[in-house]
Amino acid sequence: MNTTLMNNYNEILTGRRSIRYYDPSVKISKEEMTEILSKATLAPSSVNMQPWRFLVIESDEAKETLLPLARFNQSQVETSAAMIAVFGDLNNFDNGEEIYSKAVELGFMPQDVKEQMMAKLSGYFSTLDPEDNKNYVLIDGGLVSMNLMLAARAHGYDTCPIGGYEKDKIAESFGMDKDRYVPVMLISIGKAANPGYPSVRLPVEKVAEWK
């Protein structure tokens, strides 16, 4: 790999910290946030259905709604440029036709292959166990969330993934269908007010084995 690219990649990975306090004066424009989210969505997903959905919570009013749902993460909610709620859409196959038609339009897939795939996927999703469907969107949601944090770091921002919040209430609190949208995590984003603490990682020898 190119040395410069490798150094940039290492800096993005090793420089990331889970931040608790942000500089409240720092805001992220809608244009730049859109760019970060666009890069995040390059993550892989099951049969490319891209089930992730993002709720960017940045206004004072929206943060007030979130505060009681994230009681143990008040500092991130109050000081971050935004809190991004990542959801998984259980009805993600509704977008299958659009996704696969675009692939044909761009020359990524022949029309006949698209038609075959859509017929197979239609049958598959019509009989897919709801619990399996939920598991798939949670996995895909985790992939896009990590991509989002890396994209944010590449733009010079800091993040913190948050799992401790009222998952059973967040969708409804923001006018979303709680039976359709599965909460994956919250991600705070902004400029760190302090460096944060580095954390220890187990050695590869402890977490991997070769056969």
Side-chain angles (χ1 to χ4, degrees), residues 30-58 62 65-66 69-70 82-155 159 161-189 208 211:
K30 185 175 182 179
E31 291 74 20
E32 187 173 19
M33 185 68 81
T34 298
E35 189 175 344
I36 291 170
L37 294 176
S38 180
K39 289 173 180 174
T41 62
L42 296 175
S45 63
S46 178
V47 295
N48 198 29
M49 282 301 112
Q50 306 164 49
W52 41 71
R53 303 292 178 264
F54 307 105
L55 177 64
V56 181
I57 301 167
E58 61 178 6
T65 300
L66 180 61
L69 306 179
M83 299 290 293
I84 303 173
V86 183
F87 294 88
D89 183 0
L90 294 174
N91 293 0
N92 57 86
F93 185 61
D94 289 354
N95 295 309
E97 182 65 33
E98 178 182 349
I99 292 167
Y100 278 66
S101 292
K102 189 66 176 180
V104 172
E105 179 187 330
L106 295 173
F108 298 162
M109 178 184 296
Q111 178 67 28
D112 61 329
V113 172
K114 175 249 178 179
E115 291 173 357
Q116 292 169 18
M117 287 294 296
M118 285 300 295
K120 290 177 181 178
L121 290 172
S122 180
Y124 169 73
F125 277 97
S126 67
T127 59
L128 181 61
D129 181 270
E131 195 60 30
D132 288 340
N133 189 25
K134 180 179 178 180
N135 288 335
Y136 293 146
V137 301
L138 287 174
I139 291 170
D140 292 343
L143 290 169
V144 82
S145 294
M146 189 70 251
N147 241 28
L148 196 163
M149 288 185 281
L150 294 176
R153 184 64 190 166
H155 277 250
T159 58
I162 298 168
Y165 60 100
E166 304 290 341
K167 294 184 177 69
D168 60 331
K169 298 178 182 178
I170 188 166
E172 258 188 329
S173 295
F174 288 93
M176 299 172 69
D177 183 351
K178 67 176 183 177
D179 295 322
R180 173 173 179 171
Y181 297 104
V182 180
V184 178
M185 68 177 74
L186 290 174
I187 300 174
S188 58
I189 181 172
K211 297 290 187 182

Validation row: N92, Q50 side chains within 4.5 angstrom (heavy atoms):
no
For residues L186 and I170, determine if any side-chain heavy atom of one lies less than 4.5 Å from a side-chain heavy atom of the other.
yes
Side-chain contact, heavy-atom cut-off 4.5 Å: L90 with Y181?
no
Are Y136 and P51 packed together at the side-chain level, in the sense that at least one heavy-atom pair is separated by less than 4.5 angstrom?
no
Does F54 reach the side chain of T41, with side-chain heavy atoms less than 4.5 Å apart?
yes
Step by step, would you call D89 with D94 a side-chain contact (heavy atoms from CB on, under 4.5 Å)?
CA-CA 10 Å; D89 183 0; D94 289 354; over 6 Å; no
What one should report as the nearest heavy-atom pair of A82 and E58 is CB-CB, 4.0 Å
Would you check if the side chain of S126 reaches a backbone N or O of S122 as a donor-acceptor pair within less than 3.5 Å?
yes
Could you pull out the closest heavy-atom pair between A152 and I36, with the gap in Å?
N-CG2, 4.0 Å
Side chains of E131 and N133, donor plus acceptor under 3.5 Å
no
Between the side chain of K167 and the main-chain N/O of G163, is any donor-acceptor distance below 3.5 Å?
yes
Between V144 and V184, is there a side-chain heavy-atom distance shorter than 4.5 Å?
no
Less than 4.5 Å apart, side chain to side chain, heavy atoms only: is that true for D140 and M49?
no
Partner set under side chain to side chain contact (heavy atoms under 4.5 Å, CB included) for A119, not counting sequence neighbours:
none
ring-ring contact (aromatic ring centres under 6.0 Å, His included) pairs touching residues 87-130, sequence neighbours excluded, are F93-F125
I need the minimum non-hydrogen distance between P110 and V104, along with the two atoms involved.
O-CG2, 4.0 Å
Does some side-chain heavy atom of M185 sit less than 4.5 Å from a side-chain heavy atom of L148?
no
